[in-house]
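Keep in mind that this is a model prediction, so the values were computed, not measured. In each ligand, atom 1 is the first atom listed, and ligand 1 is the first ligand listed. All heavy atoms count here, side chains included; hydrogens, waters and symmetry mates do not.
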Amino acid sequence: MKKILELITKEMEKAFQTAGYDEKYAGVTLSNRPDLCEYQCNGAMAAAKEYHKAPIMIADGVVEALAGSELFEEVQAVKPGFINLKISADFLSDYLNGMYGDSRLGYEKAGQPKTIMIDYGGPNVAKPLHVGHLRSAIIGESIKRILRFAGHKVIGDVHLGDWGLQMGLIMMELKSRKPDLLYFDEDYQGEYPEEAPFTIAELEEIYPTASAKSKEDADYKEAAMQATFELQQGRKGYQALLKHILNISVTDLKKNYANLNVEFDLWKGESDAQPYIPDMVQKMKDQGYAHMSDGALVVDIKEETDTKEVPPCMLLKSDGASLYTTTDLATIVERMKLYQPDEIIYVVDKRQEMHFVQVFRCARKCGLINEDTKLKFLGFGTMNGKDGKPFKTRDGGVMRLEYLLTDINEEMLKKIQESRPMSEEEAKEIAKVVGLSAVKYGDLSNQASKDYIFDVERFTSSEGNTGPYILYTIVRIKSILKKYEETGGCAEGFPITAYGNESEKALMLELTRFNSVMETACGELAPHKICAYIYDLANAFNKFYHETSILGTEDPAQRNSRIQLLVLTRRVLEACIDVLGFEAPERM
Ligand code: ARG
């Protein structure tokens, strides 16, 4: 369906032409005096210059040409030359019936679907997930769903951090504990066992221990660096250990992400890009892009217009080891080869922006991507505690994701149990669903690039701009609809008819914005615009609900129309929270 603003603009274009003026002046916006009218056109003021006439004369002419228009109930030229447009009740309800009859609620699919890869999540194997990974997962998942809903082919890749020093650290710590393991015997030629020589619990404890030791013991760290290097050079025993570590971690990560309602299409990691490195580097050398600088192999990527220093992109260190940059470049090579994306979007902490500037420039300069493939960095801000500082545990450590989710769930459970009597089991079930909305909405309702304060108390509140408030609204609608059904009502087949009061009209107008909001959120990769919309929509619904006895509406046609309006509101809200990545329970 065309957006309602487009339909209105079309009508105005016709009127401008009929009145003898260029249609380019017919632009319509939402009114800034909603008490007078819903839409307005200010084009007469601009046209006045071209036609050397008073704006009000032009506005009068256009208003005259609009006589008999079915879109408007009233049009008025106001000095100095505004045209106020009051939408017709029938046009409004027709539009909503159009949305109702469309499984996509009037949101058209993208004309030219693209293949888009999203690099998000980015957990580091064997290291615990922390709040930064939470943001990447939440935002990335929503972007994926928004793009998919728009009709694009979207591939989400978790891009595991499985190639860094943490791998060497784990191997060395394991070696010091179990030196007799086959994996450490350099002369061993046979097969390695299927079973991993450790559990996830051990693995989770091994890494922090090793990491702490390496900070105090330079030799230990040196050994870990050496092990990392040997792993990267393909030492067999280490490769086999890596497989075990990956298997165990991925199983655990999948469980964690499932709890967040986050799902990846690809479980690839940095290590998958390694086979592409030698060729890529060779080509960069052959084509004269890469050169030696202080023993390291680099590509210059400075541009004249740079206002701040952009250091060269380092490919190989003097010992021949590859870096984070190398891996990201080789991953681009791999992605181009396997998926030919039109676009790759990286949802990563904005503190990594310079890294991506380097990677993108280098990839373009060295021709790793097609000219029309876009690389986008969607950098997100830091999640802070109430003190405005990066989130920490009570003892000052990095906040682990699971603790944070436990905090939210506990608070949510308390609130749910206070709201009405129910079984422990039901309360827990609901707290989990609503708690997720609290976390996700709390995050997504901020513009991604901004820092925000993680406030358990506020996020779990059922009032205000929160996830639980949105869910309460949906649940309220569901319960009215259920009650109507239970008392023998059935609105099926009934159309939505003209509004009966102002708050009903306001709700209808909010509903018409759905396709336009989705389109903007998709174009700007901005889930926060969907949050802002559903907050407005939920407010409009609740106002209508408080001012109108819906089930008590006398006239059956109007009552059924209102029921259908509720159904549509529920569907729009559900479509929105679905792309945000959470869902509503049946009851709360
Ligand atoms: N593993 C990285 C981290 O924890 C994030 C990975 C982001 N994606 C990428 N292609 N570099 O910081």
Taking only heavy atoms of [X] into account, list the atoms of ligand 1 that are under 4.0 Å away from them.
X	answer
Phe356	9 (C), 11 (N)
Val348	7 (C), 8 (N)
Tyr346	10 (N)

> Can you tell me if NZ on Lys428 sees more than 12 non-hydrogen neighbours from other groups inside 6.0 Å?
Replying inline: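 Result for NZ/Lys428: open.
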> Going through the distances and angles, do Phe459 and Phe454 end up as a ring-ring contact (aromatic ring centres under 6.0 Å, His included)?
Replying inline: CA-CA 8 Å; Phe459 287 4; Phe454 190 87; 5.3 Å; yes
> How far is atom 8 (N) of ligand 1 from its nearest protein heavy atom, and which residue and atom is that?
Replying inline: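 Going by distance alone, atom 8 (N) of ligand 1 is nearest to Asp119 OD1, 3.1 Å.
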>> Could you identify the single nearest non-hydrogen protein atom to atom 6 (C) of ligand 1 and state the distance to 0.1 Å?
In response: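 In this structure, atom 6 (C) of ligand 1 has Tyr324 OH, 3.4 Å as its nearest protein heavy atom.
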> Given that the side chain starts at C-beta and the backbone is N, CA, C, O, which of these parts of Leu160 lies under 4.0 Å from ligand 1, counting heavy atoms, or is it both or neither?
Replying inline: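 None of Leu160 does.
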Strictly below 4.0 Å, N to O, side chains only: are [X] and [Y] in salt-bridge contact?
X	Y	answer
Arg351	Asp349	yes
Glu334	Lys337	no
Lys415	Glu457	yes

Is any N or O atom of [X], backbone or side chain, closer than 3.5 Å to an N or O atom of ligand 1?
X	value
Gly122	yes
Asn124	yes
Glu270	no
Gln352	yes

> Is the cationic atom of Arg104 (NZ for Lys, CZ for Arg) positioned less than 6.0 Å from the six-membered ring centroid of Phe149 and within 45 degrees of its normal?
Replying inline: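 Pair Arg104/Phe149 counts as cation-pi.
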> Name the one of Lys376, Lys374, His152 that satisfies side-chain hydrogen bond (donor to acceptor under 3.5 Å, both in side chains) with Glu343?
Replying inline: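 That would be Lys376.
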